[in-house]
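Note that the structure is a prediction, hence the values are computed from the model and not measured.
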Amino acid sequence: PAIWLAGAATVLVGQGGIYLATRKKLLRWSTAVEEPRTKLLLSRCQQELGMQEQVRLMRCCLLDTPMLMGLWRPCILLPEVELEEQQLRYVLLHELSHRRRRDLWLKFLLLVAKAVHWFNPLVWVMYVLANRDLELSCDEMVLRLLGIENRSAYAMALLEMEEKRSGFGALYSAFGKNAIEERIGAIMKMKKRSLLSVVMAVVLVFTLTACLATSPVEEETSAPAAEEKNTIKSETVSVTSE
């Protein structure tokens with residue numbers, strides 16, 4: 001138990017401490033965005049996603065890529081480099097999608113799972129793959145909103161950002177490099193879902209649910225055997241009493 005507790009504390013406290021230190025440093029070098037045009041674009045993106053939560057928008061001179069931080073008070077940090085309006089829209093939709101899906105809380109749970117099962121290498125693999133899947137799923141959500149026809153422009157935005165992801169991405173989400181080649185490949189292969197594919201998926205789910213929920217017939221087949229066993233027991237008791 002002592003060894004397990006030491007390992008869990010090292011992972012949780014160590015990575016959590018790095019996050020808090022990074023967050024404090026980034027916010028210290030950040031300033032609030034006051035450009036009406038940028039704030040209006042943020043408001044429009046929130047409306048597109050159906051969000052009413054207040055999200056702060058700041059610029060940080062230490063960043064090369066946009067980033068979402070904050071479990072309770074979300075904040076989108078933008079780099080000092082000026083982005084084109086369309087590119088900035090993609091960035092804001094991506095980061096706001098992370099917030100709407102509560103991906104930072106999911107990453108926190110993944111960090112806790114990694115701390116509890118730090119001795120299991122498969123959990124570390126799960127941690128990496130789960131973070132990758134969060135990015136891929138978020139890209140899909142943005143493209144469903146923008147339309148599949150905009151996938152090339154969205155993929156180009158990823159390349160032009162020349163994003164760099166930090167190794168400590170447990171409690172923040174960056175519009176950064178997370179297997180960028182795989183993300184772009186998934187974006188370009190994305191197709192519009194047809195009504196037939198959706199219906200088939202629903203039918204498959206209901207079919208599997210019905211199969212798994214069916215009660216076994218073991219009790220019916222074993223009923224005669226159980227009745228015969230009870231008869232033998234009663235005969236044995238009567239012979240013993242005699």
Side-chain angles (χ1 to χ4, degrees), residues 16 18-108 131 134-147 150-178 180 183-184 187:
I18 292 175
Y19 162 74
L20 293 176
T22 303
R23 180 178 181 275
K24 183 178 180 180
K25 182 178 180 180
L26 291 178
L27 291 179
R28 185 191 308 161
W29 290 90
S30 299
T31 57
V33 174
E34 299 296 342
E35 297 94 337
R37 190 174 181 180
T38 304
K39 297 173 68 173
L40 179 61
L41 182 59
L42 174 65
S43 178
R44 289 178 177 175
C45 291
Q46 288 185 281
Q47 291 178 0
E48 290 184 65
L49 292 169
M51 296 178 59
Q52 298 181 350
E53 182 181 14
Q54 183 179 3
V55 179
R56 294 179 297 166
L57 191 60
M58 307 182 74
R59 291 193 184 277
C60 181
C61 61
L62 301 180
L63 290 179
D64 295 325
T65 66
M67 177 184 299
L68 173 68
M69 298 187 70
L71 294 175
W72 288 278
R73 298 182 61 195
C75 176
I76 297 178
L77 300 179
L78 299 175
E80 290 288 345
V81 179
E82 290 293 334
L83 303 175
E84 298 180 0
E85 183 175 351
Q86 188 68 6
Q87 193 176 40
L88 180 58
R89 179 169 178 253
Y90 292 154
V91 167
L92 294 178
L93 286 175
H94 184 94
E95 301 302 338
L96 289 173
S97 297
H98 277 301
R99 179 59 188 178
R100 181 185 176 187
R101 293 154 45 93
R102 298 296 187 266
D103 283 348
L104 298 187
W105 284 102
L106 291 176
K107 291 189 176 190
F108 176 74
N131 279 278
L134 288 178
E135 294 297 328
L136 294 176
S137 180
C138 189
D139 288 336
E140 182 178 2
M141 181 177 180
V142 173
L143 283 179
R144 296 300 176 194
L145 181 64
L146 296 174
N150 292 314
R151 60 186 179 183
S152 297
Y154 185 77
M156 287 300 300
L158 291 179
L159 288 175
E160 292 173 3
M161 290 298 297
E162 298 181 357
E163 60 275 3
K164 299 177 182 180
R165 174 177 291 277
S166 171
F168 306 102
L171 299 180
Y172 61 79
S173 172
F175 192 83
K177 186 168 185 178
N178 182 7
I180 188 65
R183 288 179 62 188
I184 293 178
I187 289 171

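Listed here is the closest heavy atom pair of P74 and L68: CB-CD1, 4.3 Å. The minimum heavy-atom distance linking L93 with C45 is given by the pair CD2-CB, 3.8 Å.
Residues L40 and R44 meet the side-chain proximity criterion, which asks for heavy atoms closer than 4.5 Å. Within the 4.5 Å cutoff, the side chain of L78 has no heavy atoms near those of the M58 side chain. In this structure, L77 and L62 have side chains that are not in contact, with every pair of non-hydrogen atoms separated by 4.5 Å or more. A heavy-atom distance below 4.5 Å is not found between the side chains of H98 and L104. Side-chain contact between T65 and P79: absent, with no pair of heavy atoms (C-beta onward) separated by less than 4.5 Å. The shortest distance between side-chain heavy atoms of D139 and L143 does not fall below 4.5 Å. Residues C60 and L63 form a side-chain contact, since some pair of their non-hydrogen atoms from C-beta on lies under 4.5 Å apart. Considering only heavy atoms from C-beta on, H94 stays 4.5 Å or farther from M141 through its side chain.
Listed by chain and residue number, Y19, L27, R56, M69 satisfy the side chain to side chain contact (heavy atoms under 4.5 Å, CB included) test with R23 (two or more places apart in sequence, or in another chain). Looking at residues two or more places apart in sequence or on another chain, you find a salt bridge (charged side-chain N to carboxylate O under 4.0 Å, His left out) between R37 and E85. Scored by the salt bridge (charged side-chain N to carboxylate O under 4.0 Å, His left out) test, R101 finds D103 as partners (sequence neighbours excluded). Annotation: side chain to side chain contact (heavy atoms under 4.5 Å, CB included) contacts of T38 (sequence neighbours excluded): V33, E35, L57, R59, L88. Take E84 and apply the side chain to side chain contact (heavy atoms under 4.5 Å, CB included) test, not counting sequence neighbours, and it matches Q87. Contacts of W105 classified as ring-ring contact (aromatic ring centres under 6.0 Å, His included), with partners at least two apart in sequence or in another chain: W72. Scanning for salt bridge (charged side-chain N to carboxylate O under 4.0 Å, His left out) contacts around E48 gives R89, with sequence neighbours left out. Taking E53 as the reference, R99 meet the side-chain hydrogen bond (donor to acceptor under 3.5 Å, both in side chains) condition, with sequence neighbours excluded.
L96 contributes atom CG, which lies 5.0 Å from atom CE of M51 (distance to the nearest 0.5 angstrom). Atom OG of S30 and atom CD of E80 lie 8.5 Å apart (nearest 0.5 Å). Rounding to the nearest 0.5 Å places CD of E95 at 11.0 Å from SG of C75. Taking CG from L20 and NZ from K25, the interatomic distance works out to 15.0 Å, rounded to the nearest 0.5 Å.
Screening residues 24-48 for ring pair (Phe, Tyr, Trp, His ring centres under 6.0 Å) gives no qualifying pairs among residues at least two apart or on separate chains. Pairs engaging residues 35-71 under the ring pair (Phe, Tyr, Trp, His ring centres under 6.0 Å) rule: none recorded [sequence neighbours left out]. Among residues at least two apart or in separate chains, there is no ring pair (Phe, Tyr, Trp, His ring centres under 6.0 Å) pair with a member in residues 50-70.
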Step by step, work out the side chain to side chain contact (heavy atoms under 4.5 Å, CB included) result for N131 and K107. CA-CA 7 Å; N131 279 278; K107 291 189 176 190; 3.2 Å; yes
